Every structure is written in C-alpha cells, then in structure tokens.
Number of protein chains: 2
Amino acid sequence: MTRRFVLLSHAVTTPEFTLKDLAGSAKRMDVVCRAVQAALFLSHGIRTDTTLFAVLHGPPRPPVTVKLDGALLRKVHPNERVLGIFMQKALRAVATVPEGDWVESTPGIFVRRGGLAVLLDELGGRVCLMREGAPDLRGTKVPEDAVFVLGDYLDPEADWLTGLERRDPLYVSVGPRSVFASHAMVLVHNELDRSEGTDTRSDGK
Amino acid sequence: MTRRFVLLSHAVTTPEFTLKDLAGSAKRMDVVCRAVQAALFLSHGIRTDTTLFAVLHGPPRPPVTVKLDGALLRKVHPNERVLGIFMQKALRAVATVPEGDWVESTPGIFVRRGGLAVLLDELGGRVCLMREGAPDLRGTKVPEDAVFVLGDYLDPEADWLTGLERRDPLYVSVGPRSVFASHAMVLVHNELDRSEGTDTRSDGK
C-alpha cells in the first residue's frame with residue numbers, strides 16, 4: 001500500500017520567492033522542503049512507496065496542492081535549496097492550467113489549484129491526523145489505507161479543515177515532545193518500516 | 001544527563017564555500033546542517049539537554065570539530081542556509097586559535113582543530129556506534145553516559161576511527177531501512193524522549 005502524507009502549509013503560492021529566504025518571505029517553504037526530505041528520501045534512495053502532498057495556503061492565490069510521487073521522482077536532491085527550486089517550478093506551472101487540473105511540472109511532481117477537502121475526496125482512505133497529546137501511533141493499529149495529515153510550524157487554520165471531522169479522523173501522536181512535521185514523518189515511516197520488516201523498495205539511487 | 005551526538009562528516013574545513021552549493025562544493029555540508037536541525041531543534045524550542053559535535057574531514061586542513069551546545073545556542077534558525085552561515089563563521093574562527101584550543105565563534109557554537117579520538121577522550125562515556133543491521137536501539141538499554149556516533153552519507157574512513165575499537169563501542173541501529181544520519185538522530189531522540197516521558201526542557205524559543 002502506498003504511504004500517503006499531507007502537509008498543511010502556510011507557504012506562499014507564488015514562485016516569486018528568493019531561495020535565500022525560504023523561511024521568511026516564502027513563509028516557511030523550508031518546512032515544506034524538509035517534509036519532502038523526510039517523506040521521500042532514504043539514505044541512498046527514494047521511498048518509491050510514498051507520496052507527499054503539500055497543500056500551500058500562503059498568498060497570493062491559495063490553496064495550491066503540490067504532489068510528489070516517490071515512484072516517479074527523478075533528479076531531485078534532498079537539500080533545501082534544490083527542493084525550493086522544484087517548488088518554484090511547480091508554482092510556475094500551476095498558472096498554466098485550468099482550476100482543478102493537475103499538471104506535471106517536473107518528473108514526479110504535480111501541481112493544481114485546490115485544497116485539502118477535494119484531495120481527501122480523491123484519495124479516500126482513513127485520515128490519521130497527527131496531533132500532540134493524541135494516542136501514540138506506536139500502540140495504534142494503523143489502517144492499511146491511512147492518509148497522514150500534519151500541520152507545519154503553526155496549527156492549521158479552521159477553514160483549511162472544513163469537513164474533516166465528518167470523516168472521523170484517527171488522532172495520533174509520535175511521542176512526548178513536540179517535534180517538526182518532517183521529524184514526525186520520519187517517526188511514522190519508522191513505525192511502518194518496523195511493522196513491515198526489511199525490504200528493498202528503493203531505486204538504489 | 002546531556003545527550004551527545006557525534007557526526008563524522010566529509011564536509012570541508014574551509015569557510016570558503018558557497019551557500020548555493022552546500023551539497024556539492026562544500027562536500028555535503030547540507031548533511032551537517034540537517035544533523036543540527038535534528039539533534040538540536042524541537043518544534044518551538046531548542047533541545048537544551050543536547051550537544052552535537054560535527055567532526056569535519058574535508059579539505060584543506062582536517063579534522064576540525066564544531067560543537068553546538070543546545071543550552072547555549074542563540075539566534076539560530078533551523079534552515080540549511082542559515083546553519084551553513086554559522087558553519088562558515090565557525091570555520092573562519094578556527095583559523096585564529098592555536099591547534100587544539102576551542103574558540104566560541106557565535107553563541108553556543110565552538111570550534112577547534114582536532115578529530116574523534118581526542119574528543120572521545122574528553123567526553124568519556126560509552127560510545128554507541130550507529131550502524132545498519134546492528135542490534136535495535138529499541139530493545140537496548142542505553143547507557144546513561146552514551147555518546148552516539150554516526151557517519152554522514154558515506155561510511156567513515158578507517159583512519160577517522162583509530163582507537164575506537166578499544167573503547168568497546170556498543171553497536172546499535174534504528175530500524176530496518178537505511179536512513180539519513182539526521183533522521184537516525186530523530187529516532188534516537190524519540191526513544192530517549194519516550195524513556196524519559198514528557199518534560200519541558202526547552203527554552204520555549
């Protein structure tokens with residue numbers, strides 16, 4: 001089963017940001033880049049069984065969803081600056097297509113205008129909402145069709161989550177301390193890796 | 001007890017690298033920056049109970065050790081570019097002091113010429129060497145005085161490890177998949193956090 005993560009981000013929806021200031025003027029695009037590292041990279045390979053969706057809610061025209069599919073990604077490098085460049089390419093591409101259509105901006109990276117609600121409708125599966133103080137993932141039976149949803153450095157705003165409650169999300173946490181979204185993804189992957197045991201699903205890159 | 005991590009890095013020992021190419025010409029300084037993020041940052045605070053030592057083995061004059069003390073760090077930000085700037089400041093400062101002396105380059109960041117052997121002599125404690133396929137940390141009783149030692153994207157070279165075997169290191173791993181050094185640090189922290197339970201040791205920054 002594909003592992004699916006959704007990051008609810010405050011980052012901008014314009015490609016006009018400087019790579020020198022991913023954290024500031026791009027409204028924590030650095031957090032998005034680190035989520036890509038955590039969700040999709042192994043030490044010498046890509047997690048080909050994982051897809052990350054970054055839903056961006058920053059100005060000027062939110063929401064925009066960027067999808068990174070580990071099975072299709074090519075030529076990405078896990079450093080923040082390079083990942084920032086790929087995000088710029090995605091945000092440049094979304095301007096070229098009608099509302100709601102996906103467009104592939106670079107291999108394995110897709111983008112469209114739209115937010116969480118329509119994404120979850122499409123994905124199906126059980127939403128696992130990561131929240132501090134919630135029951136520990138380690139003692140939880142993770143549904144096969146889980147979609148892990150995380151906030152970035154600030155709580156998601158209420159209107160981003162419209163309709164989420166009626167999906168009966170499972171609330172989970174990853175330990176006693178409050179950690180970065182990217183680090184929470186590392187911990188989720190580790191739990192799932194352990195439950196699946198050793199295998200070799202990476203492209204050996 | 002302070003948590004101590006040592007990253008054995010291939011990164012350069014000169015400050016003359018470009019922040020646009022931390023991964024290339026700086027020989028994976030991006031990996032060092034991510035280790036700093038993982039070892040020292042919580043979602044909204046610093047791990048004041050943790051110290052990271054990055055031992056740099058790249059040209060021109062290795063080894064150089066950079067020490068980042070969570071209890072003393074100020075004004076750092078977890079993005080790679082900013083952390084790269086702090087590494088440049090440290091590497092600029094090391095040129096100004098005699099061999100073997102520590103100098104504080106910015107608050108909480110110290111640097112000196114010297115490698116792993118002298119560092120371990122100073123630190124004391126039990127070396128826990130992170131290695132794929134080693135016994136799982138999760139079932140291991142971690143010594144109170146553990147010093148976790150990790151490689152970066154390549155195995156450490158033999159001469160970096162001179163004298164390590166006679167210290168009777170404990171070999172440990174963090175799961176079935178091969179992950180980044182930074183992600184291994186996240187997993188170590190999480191195990192230790194769980195064994196200690198909830199507390200509030202951060203400066204709330």
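All figures in this text were calculated on a predicted structure; none of them were measured in a lab. Chain naming here is simple, since letters A, B, ... match the order of the sequence lines and numbering starts at 1 in each.
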A/Arg138 and B/Glu191: CA distance, side-chain angles, deciding distance, salt bridge (charged side-chain N to carboxylate O under 4.0 Å, His left out) verdict = CA-CA 12 Å; A/Arg138 206 177 273 191; B/Glu191 284 305 316; 2.5 Å; yes
request  = Identify the heavy atoms of A/Gln37 and B/Phe180 that sit nearest to each other, and give their distance.
outcome  = O-CE1, 4.4 Å
request  = Starting from the C-alpha separation in whole Å, work towards a yes-or-no answer on side chain to side chain contact (heavy atoms under 4.5 Å, CB included) for B/Arg177 and A/Arg47.
outcome  = CA-CA 10 Å; B/Arg177 309 292 291 269; A/Arg47 287 189 181 266; 3.8 Å; yes
ask   = Does any non-hydrogen side-chain atom of B/Arg81 lie less than 4.5 Å from one of A/Lys20?
value = yes
Side chain to side chain, B/Val186 and A/Leu187, heavy atoms closer than 4.5 Å = yes
request  = Look at A/Glu132, A/Arg28, A/His189 and state which one has the largest set of heavy-atom pairs under 4.5 Å with chain B.
outcome  = A/Arg28
query = Can you say whether A/Asp21 sits under 4.5 Å from chain B via the side chain, the backbone, both, or neither, judging by heavy atoms?
reply = neither
key: Whether B/His44 side chain and A/Tyr153 backbone form a donor-acceptor pair below 3.5 Å   = yes
ask   = Any ion pair linking A/Asp136 and B/Arg194 (charged N to carboxylate O, less than 4.0 Å)?
value = yes
task = Inspect the surroundings of CD in A/Glu122 and state if more than 12 heavy atoms from other residues, nucleotides or ligands are less than 6.0 Å away.
result = yes
inquiry  = Quick check on B/Ala38 against chain A: is it the side chain, the backbone, both or neither that has a heavy atom closer than 4.5 Å?
reply    = both
ask   = With a 4.5 Å limit on heavy-atom distance, are the side chains of A/His183 and B/Leu42 in contact?
value = no
query = Can you find a heavy atom in the side chain of A/Arg34 that is under 4.5 Å from one in the side chain of B/Arg34?
reply = no
task = Of all the heavy-atom pairs spanning A/Glu80 and B/Pro78, show the shortest one and how long it is.
result = OE2-O, 4.1 Å
message = So B/Leu22 and A/Asn79, do their side chains get closer than 4.5 Å, heavy atoms only?
response = no
query = Taking B/Asn190 for the side chain and A/Val174 for the main chain, is one N or O donor matched with an acceptor at less than 3.5 Å?
reply = yes
ask   = Hey, are the side chains of B/Asp193 and A/Pro176 touching, using non-hydrogen atoms and a 4.5 Å cut-off?
value = yes
